[in-house]
Amino acid sequence: MPVWGGGNKCGACGRTVYHAEEVQCDGRSFHRCCFLCMVCRKNLDSTTVAIHDEEIYCKSCYGKKYGPKGYGYGQGAGTLNMDHGERLGIKPESVQPHSPTTNPNPSKFAQKYGGAEKCSRCGDSVYAAEKIIGAGKPWHKNCFRCAKCGKSLDSTTLTEKDGEIYCKGCYAKNFGPKGFGYGQGAGALVHAQ
């Protein structure tokens with residue numbers, strides 16, 4: 001006697017997914033109605049999905065949760081508020097209690113209010129109005145560029161390796177897989193020793 005009801009399990013609800021209602025993403029199956037952003041619950045498709053570990057997000061929520069933070073990484077005047085995404089279920093980063101400065105800067109202002117962090121590219125002070133956090137480090141907006149080609153970066157084009165930031169194209173050329181079939185056109189079919 002045949003066994004009925006076989007099928008993949010939904011990555012969101014865990015129930016059986018039948019072929020007519022199946023959406024596949026990252027090797028997992030979902031019901032069409034379960035293929036939703038983990039934060040805002042909007043329906044997703046192949047052009048709006050962003051994956052982090054086993055979780056799926058819309059690109060907007062993914063950028064808010066995992067993208068660079070700072071001046072210039074908002075969406076118009078709506079970013080001039082103190083919304084950290086709590087209403088979307090995003091937990092704000094914990095605020096560290098203020099501790100006395102160990103800043104060697106002799107300036108009374110710097111001793112009282114703390115010195116600015118240093119830019120990861122140029123080493124100069126980065127103040128709040130111009131600070132961008134990317135790859136876990138502070139950058140000036142003008143220094144937040146690919147280490148190879150100098151192209152300006154944002155949360156969708158940023159990749160990081162060994163503390164340095166790259167655009168996706170340069171990262172793929174320099175650190176991606178090598179060999180036949182991984183080039184970029186006929187010019188890539190050269191013999192490397």
Side-chain angles (χ1 to χ4, degrees), residues 25-27 37-39 48-75 79 82-86 88-107 109-179 181-184 187-188 190 192-193:
C25 176
D26 201 33
C37 173
M38 301 285 288
V39 176
T48 59
V49 70
I51 303 166
H52 186 83
D53 295 330
E54 295 289 313
E55 299 174 334
I56 56 174
Y57 300 93
C58 66
K59 290 191 177 186
S60 176
C61 291
Y62 180 87
K64 287 177 188 172
K65 193 165 184 176
Y66 299 108
K69 316 248 184 312
Y71 177 76
Y73 282 89
Q75 298 166 350
T79 61
M82 298 303 291
D83 178 18
H84 295 288
E86 291 92 352
L88 298 175
I90 298 171
K91 303 244 187 297
E93 296 175 9
S94 61
V95 177
Q96 299 297 324
H98 180 72
S99 58
T101 182
T102 56
N103 186 353
N105 188 338
S107 151
F109 181 83
Q111 289 296 330
K112 184 172 182 181
Y113 298 107
E117 295 179 274
K118 301 296 182 191
C119 174
S120 301
R121 174 73 31 90
C122 70
D124 290 341
S125 295
V126 182
Y127 298 100
E130 60 187 354
K131 182 165 92 170
I132 297 170
I133 301 295
K137 297 189 282 186
W139 306 82
H140 289 111
K141 185 168 174 52
N142 288 335
C143 294
F144 198 63
R145 299 179 170 277
C146 175
K148 292 286 184 184
C149 69
K151 180 177 168 185
S152 185
L153 299 173
D154 63 33
S155 63
T156 62
T157 59
L158 170 74
T159 54
E160 181 263 339
K161 175 145 175 93
D162 299 330
E164 192 54 80
I165 56 175
Y166 302 93
C167 67
K168 290 188 176 186
C170 289
Y171 182 88
K173 283 183 207 169
N174 293 291
F175 307 109
K178 308 269 188 283
Y182 289 103
Q184 296 178 355
V190 294
Q193 292 288 332

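We count residues from 1, following the sequence as given. Only this structure's heavy atoms are used, side chains among them; waters, hydrogens and symmetry mates stay out.
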Side-chain donor-acceptor distances from residues 50-59 under 3.5 Å, at least two apart:
from, atom 1, to, atom 2, distance (Å)
E54, OE1, R28, NH1, 3.4
E55, OE1, Y57, OH, 2.3
Y57, OH, K65, NZ, 3.4
Y57, OH, Y66, OH, 3.4

Original post:
Looking only at heavy atoms, what is the nearest atom pair of C25 and V49, with distance?
Top reply: SG-CG2, 4.2 Å
Original post:
What pair of heavy atoms forms the shortest contact from R145 to S152, and how long is it?
Top reply: NH1-N, 3.5 Å
Subject >> Exceeds 12 heavy-atom contacts within 6.0 angstrom, atom NZ of K148 >> reply: no
Subject >> Rounded distance (nearest 0.5 Å) linking atom OG1 of T156 with atom OH of Y62 >> reply: 10.5 Å
Subject >> N/O donor-acceptor pair under 3.5 Å between S120 side chain and P138 backbone >> reply: yes
Subject >> Minimal non-hydrogen separation, I165 against A135, with atom names >> reply: CG2-CB, 3.9 Å
Subject >> Counterpart residues, side chain to side chain donor-acceptor pair (under 3.5 Å), relative to K118 (two or more places apart) >> reply: S125
Original post:
Hey, what do you get for CG (N174) to NZ (K161), rounding to the nearest 0.5 Å?
Top reply: 10.5 Å
Subject >> Spacing of Y127 atom OH and C119 atom SG [to the nearest 0.5 Å] >> reply: 12.5 Å
**OP:** Please list, chain by chain and in numerical order, all residues satisfying salt bridge (Lys or Arg N to Asp or Glu O under 4.0 Å) with R121, sequence neighbours excluded.
**Re:** E164
**OP:** Name all pairs fulfilling the ring pair (Phe, Tyr, Trp, His ring centres under 6.0 Å) condition that reach into residues 149-169, sequence neighbours left out, sorted by first residue then second.
**Re:** Y166-F175
**OP:** Could I get the full list of side-chain contact (heavy atoms from CB on, under 4.5 Å) partners for D124, not counting sequence neighbours?
**Re:** C122, H140
Subject >> Point-to-point distance, once rounded to the nearest 0.5 Å, from CZ of F144 to CD of E130 >> reply: 14.0 Å
Subject >> Pairing residues for T48 by the side-chain contact (heavy atoms from CB on, under 4.5 Å) criterion, not counting sequence neighbours >> reply: L44, D45
Subject >> Minimal non-hydrogen separation, T159 against K168, with atom names >> reply: CG2-CG, 3.8 Å
